Every structure is written in structure tokens, then in C-alpha cells.
2 protein chains.
Amino acid sequence: MGVIQGAKDRARAEVACAIKDQARRQLAAEGAARLSLRAVARELGMVSSALYRYFPSRDDLLTALIVDAYNALGATAEEAVERVGTADWMRAWSAVCRAVRRWALDHPHEYALIYGSPVPGYAAPQDTVAPASRVALVLLEVAQSAHEAGALAEPDVPGADCRSVLADDVRLLLREPGRTLPERAAPRLAAVWAQLFGLISFEVFGQYNAVIEDREALFEATVLVLAHQVGLRPTGPDA
Amino acid sequence: MGVIQGAKDRARAEVACAIKDQARRQLAAEGAARLSLRAVARELGMVSSALYRYFPSRDDLLTALIVDAYNALGATAEEAVERVGTADWMRAWSAVCRAVRRWALDHPHEYALIYGSPVPGYAAPQDTVAPASRVALVLLEVAQSAHEAGALAEPDVPGADCRSVLADDVRLLLREPGRTLPERAAPRLAAVWAQLFGLISFEVFGQYNAVIEDREALFEATVLVLAHQVGLRPTGPDA
DNA sequence: CAAGTACGAGAGCGGTGCTCTCTTCAAGAG
DNA sequence: CTCTTGAAGAGAGCACCGCTCTCGTACTTG
């Protein structure tokens, strides 16, 4: 087969896609816990055993959904930053955070799948790490552009920076061509990354019920604090 | 029956406790998804139907475990602050955060049960809200003691405070006798509360895999930033 | 002592993930 | 064009699950 895959492979990919779509629909309706292979097959007019030709187990189907969810969220974040550009880094920062929150609220079960309790096993399969890091990379890109403009401040809390916390993979990533962000800024960013999702998780998972009323206002305000924590300072008037 | 419950009630409570213990053991070993009523009953030498005399459904057993987990974590936080006192509020703040993180890392599946994806239904039962707020109340207590010492600073990020985000329940709580914390400090605290658990969740749920190596160092450093964000400033030399 | 009741056992229902076998059918090799 | 090979789906079946119902028993209570 050449660049154009044969009809058979195309059909196979289409069926796999239909299975994922139906599974995603059940996921959105009932949550990951109640997602059933048999129900998916039933809805698609197949018999349950046929489904195993495409996904070797329920966990593999879930993993595929996880990868898709990471990619959907990552694409959302990337689109947000593309739409506003990084010249005004404060605006870009807020736009990305807002887009991530919006996606999470619109897809609570998919969000729970990727940022809630890890459902299958305890170690995420290797093919989830790249999609999972897309949002973080977008945040890094915003910080990078601020740094290039010389507007990445040092933290104003003493002892907030710490050395040698980064894994080697990330250290290498930071040394890639085009990346000039100092290594000591990365831990701050990683912490803020986690804090951002903590904020969103509390809202999506209902921890703010009967505590916070106007969650959007709190989110918007806190996103500014997080930007400050990374070192971003209000964009100058020339932006 | 008087204050001392009859033998029958005592036996009933003991069996219910044994069921929860066994369930907790399976939870720790396999996770909430794989917790099975039949396996619990089998391990206890009963038949599965007998278990329904104590918990009307699997979800009810899970809810009981959730309440217990919230209480265990809450007690841990309370003990931490009792051990160091609130005179040195920075030390108290770090101690509480550290204790919560320690508990989470020691009980990952129980942590996932309460701060991961909500497993049963979407609305948490009413009897979980009080246990769930114990950690937040401890953090509030630390902030309160700093405020009494006149050491609760205003945020240094413009626009970080916002009005009318609090639910009425919390507003009432803040007006209880002995509570003098200004209402505008509460949203900051709520945001930091969520951010703290975001930090811990990323570590427990493996989001920091291949990203952050020395998670403890990053946590300790970030906890200081969070304290700063609440308004806590380093305790004076007279503490 | 008698009535009532809480408890455990057991069978059973419908559902699940997953495996195995069997048939069909279409693509590629000669 | 025939023949072979392999992939796809159907169906039965296994072990397990949550949950319900019934039935004997043992204990508490009036």
C-alpha cells in the first residue's frame, strides 16, 4: 500500500473511530466507570466479541480515549494562544487558562478521565505522555515569549526557587534550539501548571459546591496570581 | 437502651467496621474501580447478600469510605497544627501542607477516592461536606491566627481580590464568634486551597512523572509561595 | 413463654469483560 | 483465473459482578 492506504485499512480505521465515538458518547453520558464494551457494541449493532478486533481490552479503549482527550484539550490550548498571539503575554496566559477551564467544564467526564484518578493500572502508558504535555508546552511558550521580551521577573518569595528538581527529559527540552528560558524558571512553571489544574479540578469535581459561588470571577483573579507567580508581569503599553 | 448501646447494636457496628476495614484494604490494594462487594464478603467469610444488611449498595459502602478518608485526612491536618501551634503561623502552614501531602502519598487510593474523579453519581452526598471541609478549616485557622497578630498582608497582585464569590454558608461561617478574618481574604484562601491539592494530585496521580524529579523540594518551595499568596508573611523573631 | 425481628445462607437474574471456535469473504500470489 | 491466506464478525460460554428474593434460625422483647 502506498501513501493512500487501501480500502481495507481505511475501513478498519473508520470502524475503530466509530467505536471511539460511541464510547465517548457513553463516557460523556455516564462517566468512565459505567462505560461498557458490550453497550458500545450493542449501540453499533455489532456483537461484543467483534470489538476485540479493534481494542484488545477495555483498558486499551480507555487509553485511546485518554489520548484523544489530552489531544483535544491540547489543541484547545494551542488554538487559544494562536488566536491572541504571544506579543501580549498576559493576555495569552489568561486566554490559555480560560480555554482549558472552558474545555474542562464542557467535557467534565473526559476531563475526569485525564486529570482525575488514573483508572487503569497505576502507570500511564507511554503514548499518553506526549499528548499530556501539550498544555504545559503552551504555557511554556507564553513564558518563553515574555522572557524574550525581558519581562520574566524573578519570584518575590524568598526560597521559591529550587535546583535540580527537573527530570532529565525536561532539562533536555529546555535546551532545544529556540528555547531560552532559564532552567530555574521551569520549576515555578511546573508548580503553577499543577495549581492551575487544581483550581479547575475543584470546580469540575464539585469541591467548590456551597463554598464558592462566582467561580469564574475567582478563576480569573487567580489566573493573574498564577501568571505573577511564573514571573509574568503586565504587558507594557507597546504590546 | 441507654448511653451504652446494647450488645446487638455493638455487634452490628463491629461487623460494619470490619466490612469497611476489609474494603479499605482492597481499596488500598486495587483501587476503587476494582473494589468488589463479593470479594469483601468472601474475605470476611460471609455470603455477599449478607453484606447488604449493612450497606444498601456498593455506592453506600464507597460513600462510607469517602467519609472516613476525609476524616482521616482532616484529623491528620488537625494533629499537625496542634503539634506545632499557630503562634508561628508560617511553620504551622508548612506543617499542615506537609502532613496533607504525606497522607496523600501514603494513601494514594484513598486520596484518589476523595480528590480524584467523583465515582458515584455526580453530587456528593450531604454527609460528606462536613468531613471534606476539615482541612480547609485548618488552613483557615492558621490564616486567622496570623490575622490576629496583624500579619495577614494584602495581596500584591492587582485585581487578585474579588467580591461576592463566596457562598452564603461560608459567609455565615466567617461571621461566627471568634472568627475575625476579613471576608475578602476568603477567596484567596479558597483558591490556594485548590492549588495545594492540585500540587498534591499531580504528584499522586503521576502527572509529574518524567517531569519533576525532586517533588518534595518543589512542594516545600511552592507551599511558601502559597502562604505568601494567602497573605502570610514570615513570622517575626518574637514567635 | 410466645411473638416478632434482625441476620445469614442460598439460589437466581441480568449484566459485565474476555476467550474460543466457526463461518464467511475479500485481497493477494501463483 | 484459481487458490490460499488472513482478517472480520457471529455466537456460545466462562467467571465474575451488583443486587434481589426467599427461607430457616437465633435472639430480643413484650
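In what follows, chains are A, B, ... by sequence order, proteins preceding strands, each numbered from 1. Note that the structure is a prediction, hence the values are computed from the model and not measured.
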### Query
Under 4.0 angstrom, heavy atoms only, what part of the nucleic acid is B:Leu35 near: base, sugar-phosphate, or nothing?
sugar-phosphate

### Summary
From the list B:Arg53, B:Met46, B:Arg24, B:Glu14, side chain to side chain contact (heavy atoms under 4.5 Å, CB included) with B:Ile19 holds only for B:Met46

### Chi angles and distances behind the side-chain contact (heavy atoms from CB on, under 4.5 Å) call for A:Leu140, A:Arg179
CA-CA 10 Å; A:Leu140 189 120; A:Arg179 295 247 152 77; 3.2 Å; yes

### Task
For DNA chain D, determine which residues of residues 39-50 of chain B have any heavy atom closer than 4.0 angstrom to one of its atoms, and list them numerically.
B:Arg42, B:Ser48, B:Ser49

### Query
Quick one: OG on B:Ser57 to CG on B:Asp60, what's the gap to the nearest 0.5 Å?
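These two atoms lie 3.5 Å from each other.
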
### Summary
When rounded to the nearest 0.5 Å, the distance separating OH of A:Tyr115 from CG of A:Leu73 is 5.5 Å

### Task
Could you tell me from which nucleotide to which nucleotide of DNA chain D, 5' to 3', there is an atom under 4.0 Å from chain B heavy atoms?
D:dC17 to D:dT28

### Message
Which label fits A:Trp193 and A:Phe197: parallel for a plane angle under 30°, tilted from 30 to 60°, or perpendicular past 60°?
### Response
perpendicular

### Query
Taking the side chain as C-beta and beyond, is there a heavy-atom pair between B:Arg42 and B:Arg38 under 4.5 Å?
yes

### Task
Would you kindly check whether a donor in the side chain of A:Arg38 faces an acceptor in the base of C:dG15, or vice versa, at under 3.5 angstrom?
no

### Query
Starting at CD1 of A:Ile19 and ending at P of C:dG17, how long is that distance when rounded to a whole Å?
13 Å

### Task
Would you mind telling me which residue lines up with the more 5' stretch of DNA chain C, B:Arg53 or A:Arg53, judged by nearest nucleotide?
B:Arg53

